Q: 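Can you read through this structure? Questions will come right after.
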Amino acid sequence: MQHFPVYIAVAGRRVAVSGGGAAAVAKVRLLLKTDARIAVFAADAAPEILAWADEARIDLVTRTIQAGDAAGAALVYAANEDAVEDARIAAIARAEGALVNIVDDLDGSDFLTPAIVDRNPVTVAIGTEGAAPVLARRIKADLEAVLPQGLGVLARIGKAFRSSAEALPQGSRRRDFWADYYFEDGPRALAEAGEAGIGDSLANLLARHLAEAPRPGRVDFVGAGPGDPDLLTLKARRALDRADVVIHDRLVAPEILELARREATIVLTGKEGFGPSVAQAEINALIVDHAGRGAHVVRLKSGDPTVFGRLDEEIEAVEAAGIAWSIVPGITAASAAVASAGQSLTRRGRNSELRLLTGHDVKGFADHDWAALARPGAVAAIYMAKRGARFLQGRLLMHGALPQTPVTVVENASRPDEQILGAHLGTLSDDIARAGLSGPAVLLYGLAPRSAAAALDTLSQKEFAL
Ligand code: SAH
């Protein structure tokens with residue numbers, strides 16, 4: 001981010017606009033939504049500006065800005081659409097301690113004016129750092145359509161009710177009250193009885209919530225998918241929206257944690273896949289502790305929580321504590337990896353069976369039914385296999401697997417830094433070492449990336465022909 005979005009207090013403060021043309025009119029029109037004291041400096045002002053001055057909504061000074069004019073101003077807009085004049089004004093403003101925006105000059109400005117969706121006091125500011133005004137306008141249009149016009153009214157009245165709502169304990173009970181107000185009772189009261197009906201509705205709603213027994217805590221074991229936030233399920237998004245506490249593994253992508261409710265406590269367990277059992281006991285205790293105190297806990301696991309996630313151990317701990325739980329499945333790394341390789345995990349006539357294997361388990365490199373895997377056409381997705389690749393390769397070759405058996409290695413599947421490596425069993429560990437993979441990777445044993453697969457098919461046909 002080159003620019004940090006913040007809101008600047010302007011109520012009662014001076015904001016100066018230099019210029020009398022279209023650019024100045026556009027900025028003044030926005031500023032009129034605020035409680036700032038607006039001063040426009042223009043020798044020659046457009047009719048809109050003259051009208052606003054007549055209505056005493058702005059002060060119009062019919063000359064250009066001079067030294068001293070920006071003293072005490074919070075913001076100064078240089079909107080003369082004349083680079084030399086705007087630079088002169090920017091210098092004066094800066095010297096007098098104001099932040100400057102030169103219209104349509106990103107580099108010359110101290111701040112940018114975003115596209116604004118206005119449901120005062122709720123406002124959405126959209127900025128693209130000048131990269132894509134078209135995109136900003138499109139997002140604004142979408143939000144304008146989604147956010148009800150009454151939202152501002154609800155927020156204004158809600159704000160005045162905040163101290164009354166403190167009768168509810170802080171945390172999920174108070175949040176549930178506000179959620180009901182903004183999304184259920186408030187809009188209904190506004191539609192049925194107008195603004196005047198909202199006060200009664202709020203009082204009734206509060207009485208109802210005060211009478212309710214506190215909700216018990218719960219745990220959702222949620223699949224965060226392989227990394228791309230678009231691969232989250234709607235259910236996972238909703239759970240993240242509501243969570244009081246999110247307990248996640250190191251593999252969960254930061255973009256996904258961004259989607260958690262802002263007030264949620266985010267806890268990193270620091271565990272990647274399989275780890276020592278002490279750590280697991282601590283994680284279990286952490287989950288049970290939060291949920292036991294009434295929190296809605298989202299236990300966020302990369303991929304699908306039911307695949308190599310030690311899910312059972314956590315469920316047992318939660319169940320033993322008498323806490324309600326559910327599982328929200330996710331897209332497992334193998335699914336994302338095979339999609340990127342353009343292949344299918346199963347295929348008629350090739351493999352009617354698919355194995356999900358781990359390269360190592362708590363005891364070290366994991367043993368498997370090597371003979372079955374060595375058969376032609378066998379397909380397996382091997383998790384946590386980078387370190388155990390040499391062991392795996394040795395075992396499979398020893399049991400008769402062909403050295404030319406294809407293996408696709410997909411690192412960081414579905415993430416921007418994804419890498420797909422077409423390898424062969426005979427050289428697998430060297431291929432992996434040479435690629436220098438540092439992210440999580442899954443091996444698709446028995447599958448070549450789609451383009452290489454075509455070449456390989458021709459090759460094996462030739463071999464058969466010989
Ligand atoms: N529950 C997870 C697996 C956890 S075990 C799932 O369903 O995907 C951790 C292993 O998953 C990693 O060692 C790696 O083999 C694999 N993995 C997780 N995310 C991955 C990704 N984005 N790309 C490739 N492999 C990934």
Side-chain angles (χ1 to χ4, degrees), residues 220-233 235-236 239 246-257 268-277 279-280 283 298-315 327-343 345 354-362 364-366 368 379-393 407-423 428-429 431-432 435-445 447 449:
D220 292 328
F221 297 96
V222 176
D228 178 354
D230 281 352
L231 293 179
L232 273 178
T233 63
K235 219 170 179 177
V246 177
I247 301 175
H248 69 97
D249 294 341
R250 199 177 287 283
L251 272 185
V252 172
E255 295 84 347
I256 286 173
L257 293 172
L268 166 68
T269 60
K271 214 164 72 71
E272 269 178 70
F274 284 58
S277 53
Q280 186 60 52
I283 296 169
V298 164
R299 172 67 173 118
L300 195 59
K301 289 171 177 286
S302 75
D304 183 280
T306 73
V307 178
F308 302 128
R310 300 186 76 161
L311 179 63
D312 292 86
E313 297 168 46
E314 295 180 9
I315 289 179
I327 300 174
V328 180
I331 292 185
T332 190
S335 299
V338 80
S340 297
Q343 287 290 11
L345 285 171
L354 163 74
R355 291 170 187 237
L356 302 185
L357 311 178
T358 169
H360 64 96
D361 59 21
V362 268
F365 297 139
H368 296 288
V379 174
I382 312 175
Y383 292 68
M384 293 170 279
K386 264 187 314 186
R387 264 184 296 152
R390 187 171 294 282
F391 170 81
L392 209 115
Q393 176 186 356
V407 182
T408 306
V409 184
V410 184
E411 184 202 28
N412 294 315
S414 88
R415 302 181 187 205
D417 48 0
E418 173 183 273
Q419 274 203 71
I420 303 176
L421 175 70
L428 183 63
S429 55
D431 291 345
I432 290 182
L437 310 178
S438 56
V442 80
L443 308 190
L444 301 170
Y445 170 77
L447 295 179

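Note that the structure is a prediction, hence the values are computed from the model and not measured. Start at 1 and go down the list; that is how both ligands and their atoms are numbered.
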Q: Taking non-hydrogen atoms only, is E418 closer than 4.0 angstrom to ligand 1 via side chain, backbone, both or neither?
A: neither

Q: V246 versus V222: any side-chain heavy-atom pair under 4.5 Å?
A: no

Q: Under 4.5 Å between any side-chain heavy atoms of P329 and K235, yes or no?
A: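 Heavy-atom side-chain distance check fails, nothing below 4.5 Å.
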
Q: Polar contacts were defined as any N/O atom of the residue lying under 3.5 Å from an N/O atom of the ligand; does this apply to S302 and ligand 1?
A: yes

Q: Between the side chain of R387 and the main-chain N/O of F365, is any donor-acceptor distance below 3.5 Å?
A: no

Q: So, do T233 and V328 sit near enough that their side-chain heavy atoms are less than 4.5 Å apart?
A: yes

Q: Taking the side chain as C-beta and beyond, is there a heavy-atom pair between R250 and L268 under 4.5 Å?
A: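 Answer yes - side chains close enough.
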
Q: Using a 4.0 Å cutoff against the non-hydrogen atoms of V442, which atoms of ligand 1 qualify?
A: 24 (C), 25 (N)

Q: With side chains defined as the heavy atoms from C-beta onward, is the minimum distance between L345 and L444 less than 4.5 Å?
A: yes

Q: What do you reckon, does T332 have a nitrogen or oxygen under 3.5 Å from a nitrogen or oxygen of ligand 1?
A: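 In this structure, T332 places an N or O atom under 3.5 Å from an N or O of ligand 1.
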
Q: Ligand 1 and A441, any nitrogen or oxygen pair closer than 3.5 angstrom?
A: yes

Q: With a 4.0 Å heavy-atom cut-off (strictly under), which part of S414 contacts ligand 1: side chain, backbone, both or neither?
A: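 None of S414 does.
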
Q: Would you say I331 and ligand 1 have an N/O pair spaced under 3.5 Å apart?
A: no

Q: For R415, state whether at least one heavy atom is located under 4.0 Å from any atom of ligand 1.
A: yes

Q: Would you call A337 a ligand 1 contact, heavy-atom distance under 4.0 Å?
A: no

Q: Among L251, L356, T358, I382, which residue places a heavy atom closest to atom 9 (C) of ligand 1?
A: L251

Q: Which atoms of ligand 1 are found less than 4.0 Å from any heavy atom of V410?
A: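 Going through ligand 1 atom by atom, the ones under 4.0 Å from V410 are 24 (C).
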
Q: Is the closest N or O pair between V307 and ligand 1 shorter than 3.5 Å?
A: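 The answer is yes, given that V307 and ligand 1 share an N or O pair closer than 3.5 Å.
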
Q: With side chains defined as the heavy atoms from C-beta onward, is the minimum distance between L443 and I432 less than 4.5 Å?
A: yes

Q: Rounded at 0.5 Å granularity, tell me how far CG in L231 sits from OG1 in T332.
A: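 Reported to 0.5 Å precision, the distance equals 12.0 Å.
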
Q: Are any of the side-chain heavy atoms of D249 and R299 separated by less than 4.5 Å?
A: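 Side chain of D249 against side chain of R299, heavy atoms only: contact under 4.5 Å found.
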
Q: Below 3.5 angstrom, do we get any N/O pair linking A333 and ligand 1?
A: yes

Q: Which atoms of ligand 1 have any heavy atom of P226 under 4.0 Å away?
A: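 With P226 as reference, the close atoms of ligand 1 come out as 22 (N).
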
